2 protein chains.
Amino acid sequence: MSEHRPSASISPEFALLGFLAQRPAHGYDLHQRLVTELGEIWHIRLSQTYNILNRLETQGMITSRLQKQDKLPDRHIFELTPAGLKRFEDWLHTPTPCSVRAIRVEFTTRLYFARAGDPRLARELIAEQTRTVEQGIARIETALGRCSPDQAFNRLGLQLRIAQLRIILDWLKQCEVTLGLVEV
Amino acid sequence: MSEHRPSASISPEFALLGFLAQRPAHGYDLHQRLVTELGEIWHIRLSQTYNILNRLETQGMITSRLQKQDKLPDRHIFELTPAGLKRFEDWLHTPTPCSVRAIRVEFTTRLYFARAGDPRLARELIAEQTRTVEQGIARIETALGRCSPDQAFNRLGLQLRIAQLRIILDWLKQCEVTLGLVEV
DNA sequence: AGTATATAGTCACTCGGTGAGTATATCCGA
DNA sequence: TCGGATATACTCACCGAGTGACTATATACT
């Protein structure tokens with residue numbers, strides 16, 4: 001079975017699980033909500049949504065039943081299984097690894113569901129993520145120090161990552177304010 | 001044949017083509033060069049390198065011949081075909097789409113090969129990429145303007161992207177200086 | 001004598017992501 | 001009123017990214 005979760009993969013599957021944790025829904029509806037609520041963060045096609053739902057079903061994270069409609073096509077109504085709920089809640093409490101893209105996409109999604117459920121959790125996540133990013137910056141700075149001056153492109157790459165992570169620290173503060181999680 | 005190049009895909013295949021444009025080489029060596037020259041930019045496994053080489057060969061971008069070694073295992077020596085060289089050179093002159101990760105990874109790689117071949121091209125690429133990023137920022141700012149205030153997470157996502165793209169503008173200037181492409 | 005590391009790969013697999021195709025219903029303008 | 005766009009609700013086949021497990025041999029170190 002080998003548990004193929006490198007934990008680096010960022011996938012909208014948790015957004016789908018999160019929407020299903022709120023209430024059962026069919027694929028088209030889930031896709032709609034993903035687009036309207038987090039459409040500037042995730043850019044996925046309808047067929048990709050169905051791909052993920054199919055996988056989640058074969059993995060036993062969700063179940064489906066068919067709902068007949070007299071005029072429009074039938075729908076598959078999906079529902080979380082206990083395993084699926086656990087998977088979502090575990091994810092909800094796991095900090096995002098210190099990657100620029102992962103934070104923009106996955107962390108923002110996590111924050112979305114955290115705030116919807118419990119604003120205190122959202123504040124904790126931001127604090128925790130801030131620490132993760134600070135450590136990440138320190139680690140990359142070390143790598144930069146070890147990187148010989150003739151490695152110009154490796155150095156440029158590292159410098160860009162550091163600058164982008166610093167921006168993320170500012171942005172995390174901005175999140176707290178924008179979402180009304182702190183008294184200013 | 002359908003030409004499946006969404007042009008958004010960022011892949012180390014062009015780095016491999018670029019190294020092969022310099023001289024024929026075998027897979028292990030290509031992987032070594034990728035790691036030492038651009039290892040902070042691309043993080044790929046040896047097996048991934050071979051995957052790409054196999055694909056490039058079936059696509060007719062490279063050819064291989066077997067080189068016997070008496071002690072160590074045999075090697076496949078890869079060489080660019082004219083089609084492969086064209087593909088690489090087309091890529092070398094194509095600006096990277098305005099995505100943070102694509103610029104950090106793909107543009108940096110392009111710059112690496114551009115400078116190795118012709119520093120003037122490197123300077124042009126930076127100028128062109130700067131314009132692309134400026135346009136991208138403007139586009140995202142428009143999207144942000146159209147994004148209603150209750151779309152807090154979509155707005156946060158857009159704001160982060162804008163901030164990161166601004167950093168990239170600074171970084172592009174830094175590239176010019178670091179690589180000695182302008183008289184300061 | 002045993003262990004780690006470098007050389008040089010192969011293979012099977014999962015997952016991300018796209019495009020094309022299949023239906024039906026409804027709305028809007030010419 | 002008729003045709004085209006758009007919304008609903010998917011299915012399917014495919015390509016490509018990326019990983020881990022595996023197979024060998026040579027050399028260096030401990």
Side-chain angles (χ1 to χ4, degrees), chain A residues 1-16 24-36 42-59 61 64-78 87 97 99 101-102 105-106, chain B residues 1-16 24-36 42-59 61 64-78 87 97 99 101-102 105-106:
Chain A
M1 286 302 155
S2 79
E3 256 319 293
H4 260 288
R5 308 266 127 232
S7 91
S9 78
I10 64 180
S11 158
E13 78 170 74
F14 294 101
L16 299 179
H26 58 277
Y28 192 86
D29 179 37
L30 288 168
H31 187 254
Q32 291 293 305
R33 285 156 78 188
L34 194 51
V35 167
T36 59
W42 296 102
H43 300 270
I44 70 167
R45 307 258 174 261
L46 187 53
S47 50
Q48 168 73 345
T49 298
Y50 288 113
N51 281 349
I52 295 169
L53 289 171
N54 286 337
R55 178 163 49 83
L56 289 172
E57 188 166 13
T58 65
Q59 289 176 350
M61 299 296 148
S64 74
R65 59 195 149 84
L66 206 66
Q67 188 186 61
K68 297 229 165 176
Q69 301 192 114
D70 36 328
K71 301 220 160 176
L72 287 168
D74 298 349
R75 300 156 159 178
H76 293 281
I77 307 289
F78 295 99
R87 188 170 164 99
S99 132
R101 181 168 149 72
V105 174
E106 201 203 35
Chain B
M1 284 301 156
S2 78
E3 256 319 295
H4 260 287
R5 307 267 128 233
S7 88
S9 80
I10 64 179
S11 157
E13 78 172 73
F14 295 101
L16 298 178
H26 59 277
Y28 192 87
D29 179 37
L30 288 167
H31 187 254
Q32 292 293 306
R33 284 155 80 185
L34 194 52
V35 167
T36 59
W42 297 101
H43 301 269
I44 71 167
R45 307 257 177 262
L46 188 53
S47 51
Q48 169 74 345
T49 298
Y50 288 113
N51 281 348
I52 296 168
L53 290 172
N54 285 336
R55 178 164 48 83
L56 289 173
E57 188 166 14
T58 66
Q59 289 177 349
M61 299 296 149
S64 74
R65 60 193 147 86
L66 206 66
Q67 188 186 60
K68 298 230 166 174
Q69 301 192 112
D70 36 329
K71 301 221 161 178
L72 287 168
D74 297 351
R75 301 156 158 176
H76 293 282
I77 307 290
F78 294 99
R87 187 170 164 99
S99 134
R101 179 168 149 73
V105 175
E106 201 203 36

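Throughout, protein chains are lettered first and strands after them, A, B, ... in sequence-line order, and every chain is numbered starting at 1. A quick note: this is a predicted structure, and the numbers were derived from the prediction, not measured.
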Selected nucleotide, minimal atom distance to [X] side chain, candidates [options]:
X: B:R75; options: C:dC15, D:dA9, C:dG9; result: C:dG9
X: B:Q48; options: C:dC15, D:dG18, C:dG9; result: D:dG18
X: B:R101; options: D:dG18, C:dC15, D:dA17; result: D:dG18
X: A:H26; options: C:dG9, C:dC15, D:dA9; result: D:dA9

What is the distance, to the nearest angstrom, from the [atom1] atom on [X] to the [atom2] atom on [N]?
X: A:Y50; N: D:dT8; atom1: OH; atom2: P; value: 11 Å
X: A:I52; N: D:dC10; atom1: CD1; atom2: C1'; value: 15 Å
X: B:H43; N: D:dA17; atom1: NE2; atom2: P; value: 17 Å
X: A:N54; N: C:dG17; atom1: CG; atom2: C1'; value: 14 Å
X: A:R55; N: C:dG17; atom1: CZ; atom2: P; value: 10 Å
X: B:L56; N: D:dC15; atom1: CG; atom2: P; value: 15 Å
X: B:Q32; N: C:dA8; atom1: CD; atom2: C1'; value: 11 Å
X: A:L30; N: D:dA9; atom1: CG; atom2: C1'; value: 12 Å

Plane angle bin for A:H26 and A:Y28 - parallel if under 30°, tilted between 30 and 60°, otherwise perpendicular: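 Geometry flag for A:H26 against A:Y28: parallel rings.
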Watson-Crick/G-U partner (both atom distances under 3.5 Å) of C:dT22: D:dA9
Touch class at under 4.0 angstrom, heavy-atom based, for A:L46 against every strand present: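 Base, at least one base atom sits under 4.0 Å.
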Is any side-chain N or O of [X] closer than 4.0 Å to OP1 or OP2 of [N]?
X: A:Q67; N: D:dT8; value: no
X: B:Y28; N: C:dT7; value: yes
X: A:H76; N: D:dT11; value: yes
X: A:R45; N: C:dG16; value: no

Pair of N/O donor and acceptor under 3.5 Å linking D:dG18 base with B:N51 side chain: yes
Polar side-chain contact B:S47-D:dG20 base: donor and acceptor under 3.5 Å: yes
Spacing of B:S11 atom OG and B:I44 atom CD1 [to the nearest 0.5 Å]: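 B:S11 atom OG to B:I44 atom CD1 measures 8.0 Å (nearest 0.5 Å).
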Gap separating the CD atom of A:E13 from the CG atom of A:N51, nearest 0.5 angstrom: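 The CG atom of A:N51 is 12.5 Å from CD of A:E13, to the nearest 0.5 Å.
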Pairwise side-chain contact, B:L66 with B:H76, heavy-atom cut-off 4.5 Å (strictly under):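 Touching, per the 4.5 Å side-chain cut-off.
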Heavy-atom side-chain contact between B:F14 and B:R87 under 4.5 Å: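 Yes. Closest side-chain heavy atoms under 4.5 Å.
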